[in-house]
Amino acid sequence: MTREIEMQEMDWTAIPKPSEEMQSRWLLQPSTKLKKKTNARKKAYAWSLVVLIGVLAVLGFSMMIRALTHRHHHQQQQTPEIYSSALHAGLKFFNSQRSGHLPDGNNVTWRGDSCVQDGKYPGSTYRNLSGGYYDGGDAIKSNFKMSFAMTMLSWSVIEYHSKYEAVGELSHVEGLIKWGTDYFLNTFDSSADIVNEMVLQVGDEGTESYCWMRPEDTDYKRHLHVCFGDCPNLAAEMAAALASASIVFSENVAYSQKLIQGAKILYKYAESSMKGISSNTDSSSSWDELLWGGTWLYYATGDVSYLDRVTTLALDDRSDSFSRDPGVFSWNTKLAGAQLLLTRLRLFLSPGYPSEEVLRKFHDQIGIVMCSYLPSFNKFNRTKGGLIQLNHGDPQPLQYAANAAFLAALYSDYLDASDTRGWTCGPNFYFAYVLRDFSRSQIDYILGKNPRNISYVVGFGERYPKRVHHRGASIPKDRKESCEGGWKWRESSKENPNVVEGAMVAGPDGHDGFRDDRTNPNYTEPTLTGNAGLVAALVALSGDKNMFEKNRIFYAVPPLFPDAPPPPAPWTP
Ligand SMILES: *[C@@H]1O[C@H](CO)[C@@H](O)[C@H](O)[C@H]1NC(C)=O
Ligand SMILES: *[C@@H]1O[C@H](CO)[C@@H](O)[C@H](O)[C@H]1NC(C)=O
Ligand SMILES: *[C@@H]1O[C@H](CO)[C@@H](O)[C@H](O)[C@H]1NC(C)=O
Ligand SMILES: *[C@@H]1O[C@H](CO)[C@@H](O)[C@H](O)[C@H]1NC(C)=O
Ligand SMILES: *[C@@H]1O[C@H](CO)[C@@H](O)[C@H](O)[C@H]1NC(C)=O
């Protein structure tokens, strides 16, 4: 690609970024002026000195490179299988969050059927809202967050299908995704041609934070929150979830088509809702979901009209979106994810005109996002222990770090698979492995390489949080408590009776500090979205990097130049 810089063919895998001092010394060398008016002997002497210095410099430099290469390789080798074993754990959390009638083999001994009556109330058009996942430690089902979590799982399967297969988790993760998408298809009229309303959430924050009981025992009314034409962000996000899952299930043609059909009508609904509320300043916050959903629909269908939409609608009058918080990829901001997906298209298929201009912009911007993750740019603060503070010191830093770790590892795979050695940040060139190192540093921190020596993934490693803010895990299975009767379990200083295996908790504060305190969700509450990012990053880092799947995502994208003319005949005078 145009951004690649020619380098000599040798092992340059560990060229350090030249320090300011090195650079200036380098620059000074040629200016070590020799007096012009010297005799030949002096000249010869000076030249041999220059040659000698040159030789020494080259020797010293290559020794330095070797030392750094060595150190680098050493770093790479320290945690070989840890990512795949953490991956098994991270996926298991989704089993603990299942709502509705549990399937056979759910394998979480302390969980049972729960909230199977969701959606059933007199006059309801939503007969069956049983199913789906609880987002965190309570029993709220948020379609917006659940959609993002499912999209992340699907994305990771599409990119790393054979890695999942190799660790024996493919059918598990596919089952988890289908548990989500089956539920989504019940939250709007997916058989119609047009969407008029959709479910936003089941359960109320108020009741859920007041009562402390196992989801299996809830006896209070669970309200439905429905939106009527004013939730373009949810509709576009769910379109992304269904479209990405349709690629995962492409071999199950009927199901895949059903998902695509749902995604299409949701996206239409999102676009028309956008128009309806375009005077509302809020609408700008849905723009990233439209970009994200449209991009997934393009990959799922190969329909160029979606590509046109995401590359023209793009940055024009909404270009400020990029300056707001580039690099922060989360359940609430999808811009960086969409940019990376579209950069993928440019790297591997270069569709050219008319999308090229916007794709190039996204490519440049994702480069800047990647630069912002590097410590040398000081764009984001880091704790002393090295955790990047993408949410500016607010609680729950781990989910942001995990998402960034996924994007960085994935981009390094894109670069490798497109024979691009790296990318530039201003005047400096960086090799792809730098991104992988960043990714590892954040995931290693989460898995226990931090000043507290604690793993933030429950059940993983020697030390991990024992008082997770999670109702089901904190009350013994055979204790049916009332809403307020359960408070004693929340307030108890004892460890949870049940281990919510694989749950990544919210995480430490801005100074690597952590309190294993059930009453403070800022430290100890896990979330579905957090675990989805963790799982994606773990699969990206596990196994052999050649197992990245370059073409799976393009299965529906037709050859971009089907009518390309045959190569011209050789020119003859
Ligand atoms: C449940 O455990 C069994 C036996 O260990 C395993 O074969 C199966 O894949 C597990 N199921 C899930 C959904 O994890
Ligand atoms: C309700 O929908 C779920 C899918 O989310 C399905 O598994 C379940 O069988 C349905 N229940 C009924 C009673 O139809
Ligand atoms: C970094 O930390 C400093 C001091 O706490 C704070 O003022 C600044 O806003 C932080 N920067 C970012 C990008 O979060
Ligand atoms: C963490 O482990 C390191 C090295 O094993 C040790 O020096 C340090 O004291 C430990 N810190 C805590 C908080 O246990
Ligand atoms: C959790 O963090 C939020 C945002 O910083 C803060 O407002 C809230 O008081 C914290 N909750 C607890 C229990 O400390």
Side-chain angles (χ1 to χ4, degrees), residues 71-72 74-83 85-87 89-90 93 137 327-328 330 372-409 433-470 493 495-496 499-527 530-531 533-535 537-538 540-542:
R71 208 181 60 195
H72 175 65
H74 181 69
Q75 259 175 18
Q76 273 186 347
Q77 278 162 8
Q78 58 189 334
T79 51
E81 294 306 319
I82 196 171
Y83 305 117
S85 56
L87 177 61
F93 175 63
V328 181
S330 77
S372 77
Y373 294 156
L374 305 184
S376 40
F377 285 84
N378 276 324
K379 169 78 178 78
F380 296 104
N381 290 333
R382 278 168 158 75
T383 64
K384 282 212 178 71
L387 181 66
I388 193 167
Q389 299 287 293
L390 289 159
N391 61 338
H392 311 295
D394 284 347
Q396 308 186 6
L398 298 185
Q399 57 174 309
Y400 301 91
N403 288 341
F406 172 60
L407 296 190
Y433 77 79
V434 171
L435 291 173
R436 207 156 252 279
D437 282 354
F438 160 74
S439 182
R440 278 200 193 93
S441 72
Q442 300 305 303
I443 297 301
D444 289 352
Y445 182 104
I446 293 171
L447 298 181
K449 215 169 135 192
N450 55 55
R452 300 223 142 205
N453 299 339
I454 186 175
S455 152
Y456 290 111
V457 177
V458 178
F460 187 83
E462 278 170 29
R463 297 177 61 219
Y464 52 83
K466 301 283 168 63
R467 294 166 193 82
V468 181
H469 181 92
H470 191 278
S493 60
E495 295 180 0
N496 284 355
V499 179
V500 54
E501 227 184 298
M504 180 179 79
V505 297
D509 60 27
H511 308 280
D512 300 305
F514 180 76
R515 294 205 345 244
D516 189 3
D517 176 354
R518 191 181 299 110
T519 62
N520 193 337
N522 286 349
Y523 292 111
T524 59
E525 186 172 19
T527 60
N531 259 68
L534 174 71
V535 159
L538 287 169
L541 290 176
S542 73

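All values derive from a computational prediction rather than experimental measurement.
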K.L.:
Who are the side chain to side chain contact (heavy atoms under 4.5 Å, CB included) partners of Ser85, not counting sequence neighbours?
P.N.:
Phe460
K.L.:
Who passes side-chain hydrogen bond (donor to acceptor under 3.5 Å, both in side chains) against Tyr445, sequence neighbours left out?
P.N.:
Asp512
K.L.:
Residues in side-chain hydrogen bond (donor to acceptor under 3.5 Å, both in side chains) with Ser372, at least two apart?
P.N.:
none
K.L.:
Got a sec, which residues hit salt bridge (charged side-chain N to carboxylate O under 4.0 Å, His left out) with Asp517, two or more places apart in sequence or on another chain?
P.N.:
Arg515
K.L.:
Test of understanding: with ring pair (Phe, Tyr, Trp, His ring centres under 6.0 Å), list the residues that count as partners of Tyr523, not counting sequence neighbours.
P.N.:
Phe514
K.L.:
What residues form a side chain to side chain contact (heavy atoms under 4.5 Å, CB included) with Ala537, not counting sequence neighbours?
P.N.:
Ala405, Phe406, Ile443
K.L.:
Could you report the tightest heavy-atom contact between Gly510 and Thr383, atom names first, then the distance?
P.N.:
O-CG2, 3.4 Å
K.L.:
Using the side-chain hydrogen bond (donor to acceptor under 3.5 Å, both in side chains) criterion, which residues pair with Gln442? Sequence neighbours excluded.
P.N.:
none
K.L.:
Give me the atom names and distance for the closest heavy-atom approach of Asn531 to Gly90.
P.N.:
ND2-O, 3.0 Å
K.L.:
Under a 4.5 Å cut-off applied to non-hydrogen side-chain atoms, are Phe93 and Val458 in contact?
P.N.:
no
K.L.:
Does any pair with a residue in residues 453-469 pass side chain to side chain donor-acceptor pair (under 3.5 Å), and if so which ones, sequence neighbours excluded?
P.N.:
Arg467-Asp516
K.L.:
In chain order, what residues pass the side-chain hydrogen bond (donor to acceptor under 3.5 Å, both in side chains) check against Glu525, with sequence neighbours excluded?
P.N.:
none
K.L.:
Work out which heavy atom in Pro526 is nearest to a heavy atom in His470; give both atom names and the distance.
P.N.:
CG-CD2, 4.3 Å
K.L.:
For residues 385-395, run the donor-acceptor check on the side chains, cut-off 3.5 Å, and write out each pair with its distance to 0.1 Å, sequence neighbours left out.
P.N.:
from	atom 1	to	atom 2	distance (Å)
Asn391	ND2	Asp394	O	3.1
Asn391	ND2	Pro395	O	2.8

K.L.:
Compare every heavy atom of Pro397 with every heavy atom of Ala506, then report the nearest pair and how far apart it is.
P.N.:
O-CD, 3.5 Å
K.L.:
Could you check whether any side-chain heavy atom of Asp444 comes within less than 4.5 Å of a side-chain heavy atom of Tyr83, counting everything from C-beta outward?
P.N.:
yes
K.L.:
Between Ala409 and Arg436, what is the shortest heavy-atom contact and its length?
P.N.:
O-NH2, 4.2 Å
K.L.:
With sequence neighbours left out, what residues match Arg382 under salt bridge (charged side-chain N to carboxylate O under 4.0 Å, His left out)?
P.N.:
none
K.L.:
How close do Val457 and Leu447 get, heavy atom to heavy atom, and via which atoms?
P.N.:
CG2-CD2, 3.9 Å
K.L.:
Would you say the side-chain atoms of Ser439 pair up with the backbone N or O of Leu435, donor to acceptor, closer than 3.5 Å?
P.N.:
no
K.L.:
For the CD1 atom of Ile446 and the CD atom of Gln399, what is their distance to the nearest 0.5 Å?
P.N.:
10.0 Å
